[in-house]
Amino acid sequence: MTDTIFALATAAGRAAVAVVRVSGPATLSVVETLTGKPPKPRLAALRKLRHQGVELDEALVLRFEGPASYTGEDSAEFHVHGGRAVVEALLSALVDLGLRLAEPGEFTRRAFENGKLDLAQAEGVADLIDAETEAQRKQALGQVGGALSQRYERWRDLLVQSLAMLEAAVDFPDEDLPEEVAERARPGLRTLSAELEAALADVSRGRRVRDGFRIALVGAPNAGKSTLLNGLVERDAAIVTDTPGTTRDVIEVPLVLGGYKVLVADTAGIRETADAIEAEGVRRARAWAEDADLRLWVVDGFHVKHTVKLEEAIRPGDWLVMNKADIADASALDAAAEKWTGEGLKVLRLSARSGEAVDEVRTALADHVADALSGAEFPAATRLRHAERLREARDYLARALSEFGLEVELAAEDVRLAARALEKITGRVDPEDVLGRVFSTFCIGK
């Protein structure tokens, strides 16, 4: 028999109101024991809560009968005063009544197991709880609403229809079926193959909205990276001194630009050094910059002709930020800007210490992030797990198309495997360890 579980659904600590959730077969009995008179389903009622003759609190009580509830089971909510003693008294009473404290994500896992949500929607619930920006909120809300699942289901339906044609050709080769029945599947599979390729080309967008767009500030020591970081985030996040090599580790600072979460990293100055600690900082700086979505090369305007070996390190799409532009030689800056703009870079000028043009840099970054992460369609993947299954489906489908006209049986099996890969995203089929990993990331009470 399924346990009846409970958890505090609101944040721990002193508050005006705390909400305790209950779900499982003993819900009605528990509500009746604590209130003496359970409210009607889906109607809030004010009730005194009593346990073993002791009054615990006066609470707003709601009851939901399964399957018309979040979990699909009988469930209830107790809205009590948020003092710690009140909450602890209610939780202790629930334990006395034989209920079990819910594990992280157990309410949502029960909703998944009872068909109220698929796995992609359940992940959207977790993302919605964690949303810090408007873009994250919109993406997570769309995922909870089924935008991602509907896309996968449409692709799966196309695969199932094509599979039916292929299996007909395999199972009834001597029947009076239309000629080349298997060939009817090819156009749809080609269309789907193109859609999967386009989705994979866009696969990082959803993850970057969720996890943050990564911007690395890189360059030589004392170029002004730490000062620029402090200016962008408008606080002293990094130590600034005239001593080269002050920054030894990667300093990551989150901020919101254009409604999107961004991680800006100040990195160790890139140079050859015999100091083991600084050398490790340089190694980490290079590694972080390599994986960044955008790299800003900050250079000292006084030495713009002799900066770090940009020719070897820079790549198209990087930005060049020439610092100390207010006091450096303007002609030298003009020449450098012309050279690097021709190499496909965006070139900016500022004075990080005085704050001149920092707002312009912030605005330019906000526009760039918005352009990179906005899109007409809902992203095809918001997690690494989704991307892996999409690649798997793409590869099986490509192999199936190569087998047409040779081995229809093999093509049919690969189409079946492609459909199975998509089913794993929504949780139609998924091993227990995957489910465990997904729901363990949730907070207790959800």
Side-chain angles (χ1 to χ4, degrees), residues 1-10 17-51 56-57 59-80 87 90-129 140-141 143-150 153 423 426-430 432 434-436 438-446:
M1 185 177 182
T2 303
D3 292 340
T4 300
I5 58 174
F6 73 92
L8 179 64
T10 47
V17 176
V19 178
V20 176
R21 308 176 74 191
V22 173
S23 183
T27 296
L28 178 57
S29 174
V30 168
V31 174
E32 187 172 35
T33 299
L34 293 176
T35 66
K37 183 182 178 182
K40 294 181 180 180
R42 311 188 75 81
L43 290 177
L46 191 64
R47 295 284 190 270
K48 289 187 182 298
L49 304 183
R50 291 184 173 87
H51 178 58
L56 306 179
D57 193 19
L60 194 66
V61 182
L62 296 93
R63 186 168 66 86
F64 306 91
E65 289 184 338
S69 70
Y70 178 73
T71 61
E73 305 172 326
D74 287 351
S75 61
E77 293 181 357
F78 299 95
H79 296 234
V80 298
V87 173
L90 177 54
L91 298 183
S92 295
L94 294 175
V95 172
D96 287 345
L97 293 172
L99 276 63
R100 173 175 62 78
L101 180 64
E103 297 175 359
E106 190 167 2
F107 285 90
T108 303
R109 177 158 184 166
R110 291 189 178 197
F112 165 73
E113 291 172 342
N114 291 323
K116 306 295 290 186
L117 300 168
D118 64 33
L119 194 55
Q121 288 174 299
E123 290 171 323
V125 171
D127 290 347
L128 191 57
I129 293 171
L141 196 60
Q143 189 167 332
V144 173
L148 200 60
S149 303
Q150 290 164 13
E153 190 63 22
E423 290 171 352
T426 57
R428 280 177 175 261
V429 289
D430 233 330
E432 183 67 20
V434 172
L435 298 181
V438 168
F439 289 107
S440 67
T441 63
F442 282 61
C443 59
I444 293 175
K446 196 57 182 176

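Predicted model, so just to flag it, every value in this text is computed and none were measured. The chain is numbered in sequence order, starting from 1.
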Checklist line | Which atom of Ala18 lies closest to which atom of Thr10, heavy atoms considered | finding: CA-OG1, 3.4 Å

Margin query: Quick one: does any side-chain atom of Ser69 pair with a main-chain N or O of Glu65 as donor and acceptor, under 3.5 Å?
Written below: no

Note to self: Under a plain distance cut-off of 3.5 Å, with no hydrogens placed, do Glu73 and Ser23 share a side-chain donor-acceptor pair?
What the structure shows: yes

Checklist line | For Glu103, side chain to side chain contact (heavy atoms under 4.5 Å, CB included) partners two or more places apart | finding: Arg100, Glu106

Check: So, Asn114 side chain and Thr71 main chain: donor-acceptor pair closer than 3.5 Å or not?
Finding: yes

Notebook entry, point to check: Just by modelled atom types, is the Pro25 backbone N or O under 3.5 Å from a matching donor or acceptor in the Asp74 side chain?
Noted result: no

Notebook entry, point to check: Looking only at atom types and distance, does a side-chain atom of Gln121 sit under 3.5 Å from a main-chain N or O of Asp118, one as donor and one as acceptor?
Noted result: yes

Note to self: Given 3.5 Å as the limit, does a donor-acceptor pair link the side chain of Lys40 with the main chain of Ala45, or not?
What the structure shows: no

Check: Are the side chain of Arg21 and the backbone of Phe107 linked by a donor-acceptor contact shorter than 3.5 Å?
Finding: no

Check: Going from CG on Leu117 to CD on Glu123, what distance comes out if it is rounded to the nearest 0.5 angstrom?
Finding: 11.5 Å

Next item on the list: Kindly give the heavy-atom pair with the smallest separation between Leu148 and Ala120, and that separation in Å.
Entry: CD2-CB, 4.3 Å

Margin query: Can you give me the closest heavy-atom contact between Thr108 and Val125, atom names plus distance?
Written below: OG1-CG1, 4.3 Å

Check: Is there side-chain contact between Val20 and Leu8, with heavy atoms separated by less than 4.5 Å?
Finding: yes

Next item on the list: May I ask you to test the Thr4-Leu97 pair for a side-chain heavy-atom distance under 4.5 Å?
Entry: no

Check: Under the salt bridge (charged side-chain N to carboxylate O under 4.0 Å, His left out) test, which residues partner Asp127, sequence neighbours left out?
Finding: Arg210, Arg383

Next item on the list: Kindly give the heavy-atom pair with the smallest separation between Ala93 and Leu34, and that separation in Å.
Entry: CB-CD2, 4.4 Å

Check: Counting N and O atoms only, with roles assigned by atom type, does the side chain of Asp3 sit under 3.5 Å from a partner on the main chain of Ile5, one being a donor and the other an acceptor?
Finding: no

Margin query: Looking at every heavy atom in both Leu49 and Ala59, which two are closest together, and how far apart are they?
Written below: CD1-CB, 3.7 Å

Item checked: Single hit among Val19, Asp57, Leu60, Val31 for side chain to side chain contact (heavy atoms under 4.5 Å, CB included) with Phe78 -> Val31

